[in-house]
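Below is one structure, written out as structure tokens; comments come after it.
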Amino acid sequence: MSVKNDCGHHRDHERRKFYYHLMAAIIAVIIIILFIILLIFLILRPSKPNFTLDDVTLYAFNISTATTTLTSNFQITISSRNPNSRIGIYYDKLDIYATYRNQQITLPTMIPPAYQGHKDVNVWSPYLYGTEVPIAPYLAVSLEEDETAGTVLVNVRAAGRVRWKVGTFVSTVYRLNVNCPAYITFGNKNGRYAVGPAVKYQLFEGCNVDV
């Protein structure tokens, strides 16, 4: 009995030893693969996408100093170019909205998730609108003064999440913030033309991008 027990214990020990070495080998291979992918990712150094505000079509922009509210309605065309030759970009979430002097004046418009291939360009044309949005009294005065002067600076912003794709490897999520200046002119017709009841501004303004 003792010889049989010894043989059984020996086989169990050898089996555990085999599984231990097998698991260690699998974990080592996984670590090596992840390290190689990370190394390739760092060598390629992904560049952040380039955003451009191409145009703004203005349907309404009305300030009420009596109630200190703003009603606005835009359609914008914004484009994003992936400058990377070997890295793709997943746009998991992208909300676009307008601000005036850092105060949000429209509701956020959600852009559907998208993938951007190497050197590809994505173009979106969302509507941005806000009806009787309350604004600070000093901003209402400032906005009225800007309209009287003939130019209002509105910032079109995008906030979302992106991931990088290198081969089959997909990175973790990174936050994306985009800020595009849009100079809306009143009275001066340079750079704008009528589109039915609206006014279209050709801008082609470069945007500040933080990832």
Side-chain angles (χ1 to χ4, degrees), residues 30-58 70 72-130 133 135-136 139 151-184 191 200-211:
I30 292 174
I31 291 174
I32 291 172
I33 292 173
L34 291 176
F35 177 75
I36 292 173
I37 292 173
L38 178 61
L39 187 62
I40 293 173
F41 185 72
L42 292 175
I43 291 174
L44 292 175
R45 289 191 302 275
S47 298
K48 57 190 177 183
N50 300 321
F51 276 77
T52 303
L53 182 61
D54 300 325
D55 60 61
V56 172
T57 301
L58 182 62
L70 174 66
S72 59
N73 188 351
F74 311 84
Q75 183 183 20
I76 68 162
T77 301
I78 188 169
S79 59
S80 168
R81 178 180 177 273
N82 179 5
N84 300 287
S85 59
R86 298 179 182 179
I87 300 176
I89 303 174
Y90 283 106
Y91 294 91
D92 292 336
K93 181 183 178 183
L94 198 62
D95 291 328
I96 300 180
Y97 57 96
T99 65
Y100 174 74
R101 299 202 176 186
N102 295 320
Q103 178 170 338
Q104 187 171 334
I105 58 174
T106 68
L107 295 171
T109 298
M110 186 177 68
I111 302 299
Y115 174 73
Q116 190 173 52
H118 314 152
K119 298 288 187 179
D120 280 355
V121 176
N122 289 21
V123 180
W124 300 284
S125 296
Y127 283 90
L128 310 179
Y129 61 91
V133 176
I135 60 176
L139 286 180
T151 303
V152 174
L153 172 59
V154 173
N155 289 84
V156 175
R157 299 177 183 267
R161 298 191 296 264
V162 295
R163 291 176 295 155
W164 311 102
K165 183 177 183 293
V166 183
T168 58
F169 170 75
V170 179
S171 74
T172 57
V173 173
Y174 290 81
R175 291 199 62 82
L176 172 72
N177 290 288
V178 181
N179 186 1
C180 311
Y183 292 91
I184 307 300
K200 187 168 188 174
Y201 301 83
Q202 297 286 0
L203 301 175
F204 301 106
E205 290 281 353
C207 305
N208 181 57
V209 180
D210 290 322
V211 179

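For the numbers below, each heavy atom of this structure counts, side chains included, while hydrogens, waters and symmetry mates do not. Remember, it's a predicted structure, so these values are computed and weren't measured experimentally.
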Hey, what do you get for [atom1] ([X]) to [atom2] ([Y]), rounding to the nearest 0.5 Å?
X	Y	atom1	atom2	result
Arg163	Phe169	CZ	CZ	11.0 Å
Ile89	Lys48	CD1	NZ	12.0 Å
Gln202	Asp55	CD	CG	5.0 Å
Ile87	Ser47	CD1	OG	7.5 Å

Hey, does the side chain of [X] reach the backbone of [Y] with a donor-acceptor pair shorter than 3.5 angstrom?
X	Y	value
Ser80	Asn122	no
Ser171	Trp164	yes
Asp120	Arg81	no
Lys119	Pro83	yes
Asn84	Arg86	no
Lys165	Tyr90	no

If you compare all heavy atoms of [X] against all heavy atoms of [Y], which two are closest, and at what distance to 0.1 Å?
X	Y	result
Leu139	Arg101	CD2-CB, 3.8 Å
Asn82	Gly88	ND2-CA, 3.9 Å
Phe74	Val154	CZ-CG1, 4.4 Å

Run the side-chain contact (heavy atoms from CB on, under 4.5 Å) test on Val56 and Ile184 for me, step by step, so that the C-alpha distance in whole Å, both residues' side-chain angles and the decisive distance to 0.1 Å come before the verdict. CA-CA 9 Å; Val56 172; Ile184 307 300; 4.2 Å; yes

Do other residues, nucleotides or ligands put more than 12 heavy atoms under 6.0 Å from the OH atom of Tyr183? no

Within 6.0 Å of OH in Tyr100, more than 12 heavy atoms from elsewhere: yes

Applying side-chain contact (heavy atoms from CB on, under 4.5 Å), run through Val173 and Asp92 and close with a yes or a no. CA-CA 9 Å; Val173 173; Asp92 292 336; 4.2 Å; yes

Side chains of [X] and [Y]: does their closest heavy-atom pair fall under 4.5 Å?
X	Y	result
Leu94	Leu176	yes
Leu107	Tyr97	no
Ile78	Cys180	yes
Tyr201	Leu58	yes
Arg161	Tyr174	no

Which residues pass the side chain to side chain contact (heavy atoms under 4.5 Å, CB included) test with Asp54, not counting sequence neighbours? Thr52, Thr77, Ser79, Phe204

What residues, two or more places apart in sequence or in another chain, satisfy side chain to side chain contact (heavy atoms under 4.5 Å, CB included) together with Asn155? Thr99, Leu153, Arg157, Asn179, Pro181

Run Asp95 and Ile111 through side-chain contact (heavy atoms from CB on, under 4.5 Å) and show every step you take. CA-CA 6 Å; Asp95 291 328; Ile111 302 299; over 6 Å; no

Would you mind telling me which of Ile76, Leu203, Thr106, Val178 makes a side-chain contact (heavy atoms from CB on, under 4.5 Å) with Val156? Ile76

Candidate pair Phe51 and Leu53, rule side-chain contact (heavy atoms from CB on, under 4.5 Å), full reasoning: CA-CA 7 Å; Phe51 276 77; Leu53 182 61; over 6 Å; no

